[in-house]
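Notes to accompany the following structure.
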Amino acid sequence: MLGNIPPGASILEPSAGLGRLYLAARDAAPGNPIVAVEQSAECCAELYRMTAADGDFRLIQGDFLACDAGRLGGLFDFIVMNPPFKMGTDIRHIEHARRLLTPGGRLVTLCANGPRQ
């Protein structure tokens, strides 16, 4: 999911959970700026602990669907996500994420396979 991230590319991880994609992104692109969004207070607490020494990381606690480019700090060159799947929520997250890409940016996501998709 995280191959070919250019050096310096801005990265967004919506619905960051416990940071598994953050860790993979950090390994694939050391030093690139990463913004993550997570709604769960418990997950945010763990993410804050995990990323305390990462000056190129910013965590926003809240609902990703309520975040716009202004709140997130701009548009992103690379978005990687594992959205929630309940009741077609993944599609809403993916469509929202598309609006946050820079021209020529890349969105890589998991998506459920089914009649709604």
Side-chain angles (χ1 to χ4, degrees):
M1 286 181 75
L2 294 160
N4 303 318
I5 300 175
S10 57
I11 302 168
L12 172 65
E13 184 193 352
S15 303
L18 293 174
R20 288 179 184 90
L21 289 177
Y22 157 76
L23 291 172
R26 185 48 70 226
D27 285 344
N32 284 35
I34 299 175
V35 174
V37 180
E38 177 52 50
Q39 195 163 4
S40 162
E42 294 83 14
C43 289
C44 282
E46 181 59 31
L47 286 165
Y48 282 124
R49 279 190 291 277
M50 176 190 308
T51 61
D54 188 344
D56 296 312
F57 177 80
R58 187 165 66 100
L59 177 61
I60 297 169
Q61 184 174 355
D63 179 359
F64 171 63
L65 295 176
C67 292
D68 61 13
R71 182 169 182 199
L72 296 171
L75 299 177
F76 295 87
D77 303 312
F78 198 95
I79 300 174
V80 59
M81 57 194 290
N82 180 11
F85 294 99
K86 186 176 182 181
M87 307 219 16
T89 305
D90 56 329
I91 298 303
R92 289 194 303 274
H93 276 74
I94 293 166
E95 290 296 327
H96 186 64
R98 287 181 56 210
R99 293 188 283 273
L100 298 168
L101 279 173
T102 59
R106 178 179 286 181
L107 170 63
V108 179
T109 182
L110 297 175
C111 182
N113 184 15
R116 289 190 309 254
Q117 287 71 21

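What you are looking at is a predicted structure, and each value in this text was computed from that prediction instead of being measured.
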So, for Ala9 and Pro33, which heavy atoms are closest and what is the spacing to 0.1 Å?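 Result for this residue pair: O-CD, 3.7 Å.
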Which atom of Cys44 lies closest to which atom of Gln61, heavy atoms considered: SG-CG, 3.5 Å
Report whether [X] and [Y] are members of the same hydrophobic cluster (ILVMFWY, side-chain heavy atoms less than 4.5 Å apart, transitive linking).
X     : Y     : value
Val80 : Phe76 : no
Ile11 : Phe57 : yes
Ile94 : Ile79 : yes

Without swapping roles, check the side chain of His93 against the backbone of Pro14 for a donor-acceptor pair under 3.5 Å. no
Would you say the side-chain atoms of Arg106 pair up with the backbone N or O of Ile5, donor to acceptor, closer than 3.5 Å? no
Counting only heavy atoms from other residues, nucleotides and ligands, does the tally under 6.0 Å from CG of Asp27 exceed 12?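 Enclosed.
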Are any of the side-chain heavy atoms of [X] and [Y] separated by less than 4.5 Å?
X      : Y     : value
Asp56  : Arg26 : yes
Arg71  : Asp68 : yes
Leu107 : Met81 : yes
Leu59  : Tyr22 : no

Show every side chain to side chain donor-acceptor pair (under 3.5 Å) that has at least one partner inside residues 31-42, sequence neighbours left out.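 Residue pairs passing side chain to side chain donor-acceptor pair (under 3.5 Å), neighbours aside: Ser40-Glu42.
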Charged N to carboxylate O below 4.0 Å: is that the case for Glu95 and Arg92?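 Judged by the 4.0 Å cut-off on N to carboxylate O distance, Glu95 and Arg92 do not form a salt bridge.
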